[in-house]
A.B. asks: 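Have a look at this one before I ask anything.
Below, all heavy atoms of this structure are taken into account, side chains as well, without hydrogens, waters or symmetry copies. As the structure is a computational prediction, the values presented were derived from the model and not from experiment.
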Amino acid sequence: MAAVEHEQVARPRPGTKPERAVWDAAAQVTDPEVPVLTVEDLGVLRAVRLVDGTPVVDITPTYSGCPAVDAIRDDIVAVLEERGWSGARVNVVLSPAWTTDWMSDAGRRKLVEHGIAPPARRAGGVVALGMGVRCPRCGSLHTRELSRFGSTSCKALYVCQRCREPFDHFKEH
């Protein structure tokens, strides 16, 4: 998938100026489980529209049982109210299912900067073989999974065999 096409799928920004303003406000909400990422970085923010002047925001959680959905919904409503849009609605949309391919390049960089190995990007639906997870601290691929579940369900716990540092890996979905 070409970079421009991927950006349009991952971050389908609305076309009108007022809707883009709602998008920009909602896009600043951070994920409560991985607060270095915004909902836009994650690709959780899927659509914004104005219905009779009221913002309607669609979000797709990272998985159907994600415990952060209610907090994200409340935070989006709060930030929109702070910006003067009252009565905003946030819909949880489960189809199509969220994929780590919707995560932005900026989000991937933020994960590395905070010691979390980002998920691998799948090109055109091809799933890469898991040959190793790159250590976000020293860059080594000589790493080992310690636990399939890290500090949240979205992450696994790894250790680097080179620098000996443990780190989280954001799992591919």
A.B. asks: Hey, does Lys110 have a side-chain heavy atom less than 4.5 Å from the side chain of Met103?
C.D. replies: no

A.B. asks: Taking the six-membered ring of Trp102 as reference, does the NZ or CZ atom of Arg46 fall below 6.0 Å from its centre and within a 45° cone about the axis?
C.D. replies: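 Yes, cation above the ring, under 6.0 Å and within 45°.
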
A.B. asks: Measure the spacing between CD of Glu81 and CD1 of Ile76 and express it to the nearest 0.5 Å.
C.D. replies: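 The CD atom of Glu81 sits 12.5 Å away from the CD1 atom of Ile76.
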
A.B. asks: Grouping I, L, V, M, F, W and Y whenever their side-chain heavy atoms are under 4.5 Å apart, do Val77 and Val56 come out in a common cluster?
C.D. replies: no

A.B. asks: To the closest 0.5 Å, what do you measure between SG (Cys135) and CZ (Arg164)?
C.D. replies: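 Cys135 SG to Arg164 CZ: 12.0 Å, rounded to 0.5 Å.
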
A.B. asks: Taking the side chain as C-beta and beyond, is there a heavy-atom pair between Leu50 and Val22 under 4.5 Å?
C.D. replies: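 Contact flag for Leu50/Val22 side chains = yes.
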
A.B. asks: Should Val112 and Tyr158 be regarded as members of a common hydrophobic cluster, given that ILVMFWY residues are connected when their side-chain heavy atoms come within less than 4.5 Å of each other, either directly or indirectly?
C.D. replies: no

A.B. asks: Donor-acceptor pair, distance only, cut-off 3.5 Å: does the side chain of Arg134 make one with the backbone of Gly139?
C.D. replies: yes

A.B. asks: Please determine which of Phe167, Phe170, Phe149 meets the side chain to side chain contact (heavy atoms under 4.5 Å, CB included) test together with Lys155.
C.D. replies: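 Of the listed residues Phe167, Phe170, Phe149, the side chain to side chain contact (heavy atoms under 4.5 Å, CB included) partner of Lys155 is Phe170.
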
A.B. asks: Locate the shortest heavy-atom distance separating Pro32 from Ala68; write the atom from each residue and the value.
C.D. replies: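 Taking every non-hydrogen atom into account, CG-CB, 3.5 Å.
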
A.B. asks: Check for me, please, whether Trp23 and Val51 land in the same ILVMFWY cluster - side-chain distances under 4.5 Å, paths through other members count.
C.D. replies: no

A.B. asks: Just wondering, do Leu111 and Pro119 contact through their side chains at under 4.5 Å, heavy atoms?
C.D. replies: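 A side-chain contact under 4.5 Å exists here.
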
A.B. asks: Between Asp75 and Val39, is any pair of side-chain heavy atoms under 4.5 Å apart?
C.D. replies: no

A.B. asks: For Pro61 versus Leu94, what's the shortest heavy-atom pair and its separation?
C.D. replies: CG-CD2, 3.7 Å

A.B. asks: Quick one, Pro67 and Glu33 - any side-chain contact, counting heavy atoms below 4.5 Å?
C.D. replies: yes

A.B. asks: If I compare all heavy atoms of Val29 with all of Ile72, which pair ends up nearest, and what's the gap?
C.D. replies: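 In terms of heavy atoms, the two residues are closest at CG1-O, 4.3 Å.
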
A.B. asks: Using the rule that two of Ile, Leu, Val, Met, Phe, Trp, Tyr join whenever any of their side-chain heavy atoms come within less than 4.5 Å, decide whether Leu157 and Val34 are in one cluster.
C.D. replies: no

A.B. asks: Kindly give the heavy-atom pair with the smallest separation between Thr143 and Ser140, and that separation in Å.
C.D. replies: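 Distance-wise, the nearest heavy atoms are CG2-O, 3.6 Å.
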
A.B. asks: Under the side-chain contact (heavy atoms from CB on, under 4.5 Å) rule, what do Arg49 and Thr16 come out as? Steps first, then yes or no, please.
C.D. replies: CA-CA 9 Å; Arg49 60 197 167 280; Thr16 69; over 6 Å; no

A.B. asks: The test is side-chain contact (heavy atoms from CB on, under 4.5 Å); show your working for Glu145 and His169 and say whether it passes.
C.D. replies: CA-CA 9 Å; Glu145 183 180 88; His169 166 56; over 6 Å; no

A.B. asks: Ignoring hydrogens and angles, tell me if any N or O in the side chain of Gln161 forms a donor-acceptor pair with the backbone of His142 under 3.5 Å.
C.D. replies: no

A.B. asks: Would Val92 and Ile59 satisfy side-chain contact (heavy atoms from CB on, under 4.5 Å), going step by step from the backbone distance to the final call?
C.D. replies: CA-CA 5 Å; Val92 176; Ile59 60 172; 4.3 Å; yes

A.B. asks: Nearest 0.5 Å, what's the SG-CG distance between Cys154 and Leu37?
C.D. replies: 10.0 Å

A.B. asks: Donor-acceptor pair, Asp41 side chain versus Thr38 backbone, under 3.5 Å?
C.D. replies: yes

A.B. asks: Look up atom CG in Asp24 and atom CD in Glu40, then write down how far apart they are to the nearest 0.5 Å.
C.D. replies: 7.5 Å

A.B. asks: Which heavy atom of Cys160 sits nearest to which heavy atom of Cys163, and what is that distance?
C.D. replies: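 What the structure gives for the nearest pair is SG-N, 3.3 Å.
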
A.B. asks: How about Val90 and Pro55: do any of their side-chain heavy atoms sit closer than 4.5 Å?
C.D. replies: no

A.B. asks: Under 4.5 Å between side-chain heavy atoms, counting indirect links through other Ile/Leu/Val/Met/Phe/Trp/Tyr residues: same cluster for Val133 and Val159 or not?
C.D. replies: no

A.B. asks: What distance do Glu82 atom CD and Gln28 atom CD have between them, rounded to the nearest 0.5 Å?
C.D. replies: 10.0 Å

A.B. asks: Does Leu80 form a side-chain contact (heavy atoms from CB on, under 4.5 Å) with Val57? I'd like the steps, not just the answer.
C.D. replies: CA-CA 10 Å; Leu80 293 176; Val57 177; 4.0 Å; yes

